[in-house]
Amino acid sequence: MKRYEPKTIEPKWQKIWDETNVYTADLDSDKPKYIGMSMFNYPSGAGIHIGHAMNYTISDVKARMKRQQGYESYHPVGWDSFGLPAENYAIKAGVSPQESMGTIIPNYHKQYKAMGWSNDWEKEIASHRPEYYKWTQWIFSEMYRAGLAYQEERQQWWCDQCQTVLANEQVIDGKCWRHDGADDPLVEKKGVNQWFFKITEYADELLDAIDDLDWTEAVKTAQRNWIGRSEGAEISFDINGSKETLTVFTTRPDTIYGATFMVVAPESELVDSLVTDEQKSEVDAYRKAAALKSEVERQASKEKTGVFTGSYAINPATEEKIPIWVADYVLGGYGTGAIMAVPAHDERDYEFAKKQKLPVIQVVAPVFGVKRENEIFADGGAAIAFDPNKQKYAAFKIKGNNDEYFLPAGGLDEKESRLDCILRELAEEVGLTDIESAEIATDAHGRYYHRTKEINRFVRASFARIVLKSSKVDETALEEHESGYTLVWVDPEVLLEQWEADPNRDFDHYIYGLKYVVARNIELGIDKSSNKKVFTVDEVNAEKDGKLINSVEFDGLDSKEAQTKIVDWLAEKGKAEKKINYKMRDWSVSRQRYWGAPIPIVHCEKDGAVLIPDDQLPVVLPELEDFAPSGDGRSALARATDWLKTTCPECGGEAERETDTLDTYICSSWYMLRYLDPHNQEEAFTSERANKWMPIDFYNGGDHATAHMLYARFITRFFTKQGRLENPEPFKQFLFNGKVRASDGSAFSKSKGNGVDPLEIINSGYGADALRVYLMFAGPLEFNSKWDPDGVPGAYRFLARIYSLVQEYLEADKVELSDEDLKKLRFATHSMIKKVTEDIEQNSYNTAIAALMKNSNDLSQLKQCFGVHDEWRASLESLVMCIAPFTPHTAEELWQDLGHSDSIHKGHWPQYDESALAQDSITLAVQVNGKVRAEIKVAADADEEDIKAVALEQENVVKHLDGKDPKKVIYVKGRLVSVVV
RNA sequence: GCGGAUGUGGUGGAAUUGGUAGACACGCCAGUCUUAGGAACUGGUGCCGCAAGGCGUGAAGGUUCAAGUCCUUUCAUCCGCACCA
């Protein structure tokens with residue numbers, strides 16, 4: 001019998017597939033289309049690694065199944081061949097990038113073919129070839145003509161090693177995405193004149209469309225965060241003694257009564273006009289220091305520093321003068337580069353206020369408890385009185401109720417201030433009058449059932465932080481009707497425990513108030529008791545919604561409602577307008593590097609920046625000897641004088657070419673369209689083709705969740721607006737797959753030498769098919785997996801078993817098949833077909849492979865009835881067809897062994913027969929009180945009453961019924977019988 | 001800190017969406033065979049227990065005849081973003 005030898009089978013079929021063009025897609029076919037692909041590959045000298053093997057196999061399986069199902073299935077291939085690594089290699093080795101691509105890419109061909117991927121090589125593309133980048137340049141021109149490309153000097157991330165600017169998306173943890181090793185330096189900001197694409201103009205539609213995408217949820221969230229839309233308002237503050245105003249962006253206009261100071265970013269030009277003569281030297285020094293600090297250093301330390309400008313703004317709500325500060329916790333690039341600081345409701349502002357001793361005014365009081373019927377409003381307060389000598393808080397107990405503690409508290413009398421009210425209650429109820437200091441610490445609203453008054457209460461309560469001089473009780477102060485109260489001194493835990501145990505959560509506002517005061521006392525060093533759970537003011541000082549307080553006519557409004565009302569009110573005075581802000585910035589597309597598509601622009605002294613006419617594209621990248629950046633911030637192209645000097649398309653006068661090249665993310669933002677028309681000399685793509693083939697049905701990758709995916713969506717939407725494309729979204733389904741890591745959980749890396757080379761595994765004799773099965777079986781595709789050295793051999797054994805099974809069948813004698821065996825065989829086969837078809841469709845490859853393994857085991861079990869029999873042939877062929885997407889070589893070989901002369905990979909996919917899945921009898925579990933006590937086998941069509949009767953007769957069921965009558969018997973169709981006693 | 005995801009045997013992971021937890025595989029144990037191999041085949045393998053039985057899906061509560069799945073609280077890990085007002 002033949003042995004399973006992938007080493008001979010695989011190369012044989014690879015060659016045949018190549019010669020017969022099985023995987024060539026007819027883009028104009030009448031068949032339904034399917035296009036499945038993984039992210040564009042950057043070809044490097046290292047060749048493919050295990051991550052590539054993972055990524056491309058995922059889309060290959062998808063595309064293969066569809067091809068087998070009769071779709072015109074296209075699995076394209078191409079190279080993202082512009083980019084820094086090739087250029088850096090060229091600088092080092094002196095080999096031109098053009099040349100090195102010429103050897104690297106053919107090497108990739110071999111590796112791709114060895115993996116058995118069903119790529120359509122006839123339509124291969126590479127972004128560094130002029131016939132491709134001509135259209136990359138054309139996209140720039142189209143953007144320019146549409147007013148979406150512009151040039152501007154801007155502070156931009158700069159990587160000193162790459163000698164180029166970077167997009168925000170290319171900065172990872174403060175380092176360049178190409179240089180993110182431990183020894184690599186942080187990126188810096190540098191003022192560079194560069195080109196931008198106005199992606200922000202598409203921010204809203206890019207955001208809104210995310211909801212409907214069939215994409216991995218994590219990626220959708222990442223995109224939403226990246227776009228970072230926030231709704232709020234711009235509010236103008238007059239400057240005291242000046243005609244100028246200071247405009248800020250805020251998402252919380254409802255907190256304006258709590259704005260006690262303003263902060264301007266140090267890099268903001270606004271500072272110049274705000275700083276007073278007295279403060280000038282201090283502010284200048286601060287700004288200088290801030291400019292020297294790299295963005296990353298600035299972010300690394302969250303310490304809030306800043307200096308006063310000397311100027312004051314007028315809070316348009318309170319009409320009060322508030323100081324304007326400069327501090328680097330405010331960013332120049334977001335909003336207006338200035339903020340109104342509301343320390344009571346913003347953690348950062350609070351920290352800053354605390355440090356600079358600026359006032360904190362609470363204007364939103366949180367609301368605790370759920371709304372109840374017929375609530376009666378009450379206004380009052382509670383005393384949280386601390387005796388520093390005792391290091392304890394004052395509470396009291398009521399006669400006859402020894403279990404509960406109460407805080408001195410009560411309702412507001414007419415015209416009484418909140419603090420007076422609380423101090424009065426403290427005196428009347430427990431006689432504490434010897435007071436060191438008292439202040440309203442915080443306010444909250446509570447909803448609860450008042451047990452003695454038997455009403456539902458809605459209260460606004462102020463909590464006073466009171467520090468006592470002594471715990472001396474003034475008997476004369478005690479109110480007579482409140483006698484029977486016993487003063488006790490407690491730790492806050494005692495109170496919290498009591499309140500938190502309350503099932504109705506009636507005391508949540510007390511918990512809040514107490515925690516706030518204790519935190520403040522601890523912070524001020526008055527409360528030194530160490531065994532207390534430490535709260536922080538930050539924890540309590542949450543940026544929450546609630547009802548407004550200290551906000552004059554807006555008091556009592558819900559903060560959401562107040563946002564609109566306050567903006568409307570200020571708008572009437574011309575001081576505010578609604579505004580939406582985004583975190584996303586325009587896309588910086590200039591790179592000061594050689595190895596990219598030249599930007600099709602010339603600079604003419606007379607006409608400025610002039611677009612090169614389309615009929616002169618491509619602007620071909622000249623071949624150079626030396627690729628190193630020119631050192632003046634321009635690319636090596638600045639030295640290519642012949643190329644550089646040209647004439648202006650407008651005036652015909654002398655002009656210089658733009659020396660920046662385009663970000664390679666542009667190459668990869670439209671390549672899926674070029675796949676549909678790779679040889680078109682007249683256009684980037686034709687709308688007819690694109691409208692037929694877009695969107696990409698299946699797309700996957702393990703990187704680039706934000707940048708690339710956002711850019712591709714942007715470019716696609718742009719083409720839609722231009723009328724060149726119907727569908728605004730490029731990728732119908734996107735799977736963000738996991739990565740393969742080393743067995744110890746660390747990333748594979750060349751420097752660690754822990755890499756696993758796919759080719760080595762293939763060549764060692766296990767073959768590509770076993771590797772493919774291992775990778776697809778390791779777990780759900782979206783999970784990261786760890787490389788298991790036993791995995792590939794295991795997969796190999798599985799394939800060898802299938803291989804032997806078919807060989808044994810072919811050599812077996814004809815045997816009759818009993819009805820029972822036939823049923824078993826058909827059930828095993830058709831349930832497998834159903835499962836595999838559905839699971840591949842749903843990207844659950846690991847369970848699809850489990851079903852294939854199960855089927856192979858089932859068939860082996862039935863081998864005693866083996867024989868050359870149609871039903872057996874059908875079963876084996878089904879197995880071979882279903883495994884073909886995973887193991888194309890093995891399947892093709894077995895398909896041939898089974899007597900076929902065409903390729904299994906085109907148009908051969910089994911249909912399952914529902915009738916084969918029907919069972920004569922089913923096994924049901926019988927539960928007594930939720931525990932399985934018996935199993936019964938009943939006819940599939942038995943009726944419920946009979947089943948219940950049988951269930952109750954079971955010996956073990958009778959035993960557990962213990963002579964009692966069942967209260968209830970539940971029958972779940974086809975599953976179980978549940979008996980309740 | 002914010003957002004997202006995930007916690008199930010020794011390991012990777014299944015679970016028809018509230019219905020017999022552990023499919024399928026790796027590993028391990030026992031056996032068969034001899035073309036002593038990177039074998040193949042057969043059987044076993046969640047934990048405790050001789051057994052009957054009990055316990056078991058990160059932890060603690062709850063809803064239900066029934067919870068890995070739903071609710072509440074909580075812990076841990078991973079991945080994004082990170083002073084975005």
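These figures come from a predicted structure and were not determined experimentally. Residue numbers start from 1 in every chain, and the chains themselves are labelled A, B, ... in the order their sequence lines are given, proteins ahead of strands.
Here A/Lys959 reaches the OP1 or OP2 of B/rG53: one of its side-chain N or O atoms lies under 4.0 Å away. Phosphate proximity of B/rG12 to A/Asn846: absent, as no side-chain N or O sits under 4.0 Å from OP1 or OP2. Of the side-chain N and O atoms in A/Lys968, one or more sit less than 4.0 angstrom from OP1 or OP2 of B/rC65. Contact annotation: A/Lys948 side-chain N/O to B/rC65 OP1/OP2 distance is not under 4.0 Å. Between A/Arg797 and B/rC24 there is no side-chain N or O to OP1 or OP2 distance below 4.0 Å. The side chain of A/Asn857 contributes an N or O atom lying less than 4.0 Å from OP1 or OP2 of B/rA25. Distances shown here put every side-chain N or O of A/Thr706 at or beyond 4.0 Å from the OP1 or OP2 atom of B/rC81.
Remark: the A/Arg975 side chain and the B/rU16 base include a donor-acceptor N/O pair separated by less than 3.5 Å.
By the 4.0 Å N-to-carboxylate-O rule, A/Lys948 lies close enough to A/Glu944 to be salt-bridged with it. The pair A/Arg224-A/Asp211 meets the salt-bridge criterion, since a charged nitrogen lies less than 4.0 angstrom from a carboxylate oxygen.
Counting non-hydrogen atoms under 4.0 angstrom, A/Phe783 reaches the backbone sugars and phosphates but no base. Note on A/Glu935: a base of the nucleic acid sits closer than 4.0 angstrom, heavy atoms only. Note on A/Arg933: only backbone sugar-phosphate atoms sit closer than 4.0 angstrom, heavy atoms only; bases stay farther off. Backbone-only contact: A/Lys931 has heavy atoms under 4.0 Å from sugar-phosphate atoms and none from a base. Looking at heavy-atom distances under 4.0 Å, A/Lys834 makes no contact with the nucleic acid at all. Among the protein residues, A/Arg801 comes within range of the sugar-phosphate backbone only, with heavy atoms under 4.0 Å from sugar or phosphate atoms but none that close to a base. Contacts of A/Ser230 with the nucleic acid, taken as non-hydrogen atoms under 4.0 Å apart, involve only primed sugar atoms and P, OP1 or OP2. Base engagement by A/Ser978 is indicated by at least one non-hydrogen atom pair under 4.0 Å involving a base atom. Residue-level contact check: A/Ser764 touches the bases, meaning some heavy atom is under 4.0 Å from a base atom.
Comparing B/rG19, B/rG53, B/rC26 against the side chain of A/Asn956 picks out B/rG53 as the nearest.
Aromatic ring centres of A/Tyr329 and A/Phe352: separated by under 6.0 Å.
Using a 30° and 60° split on the angle between ring planes, A/His704 and A/His708 fall in the perpendicular class, above 60°. Using the six-membered ring where Trp is involved, A/Tyr803 and A/Tyr4 have ring planes that are tilted, between 30° and 60° apart.
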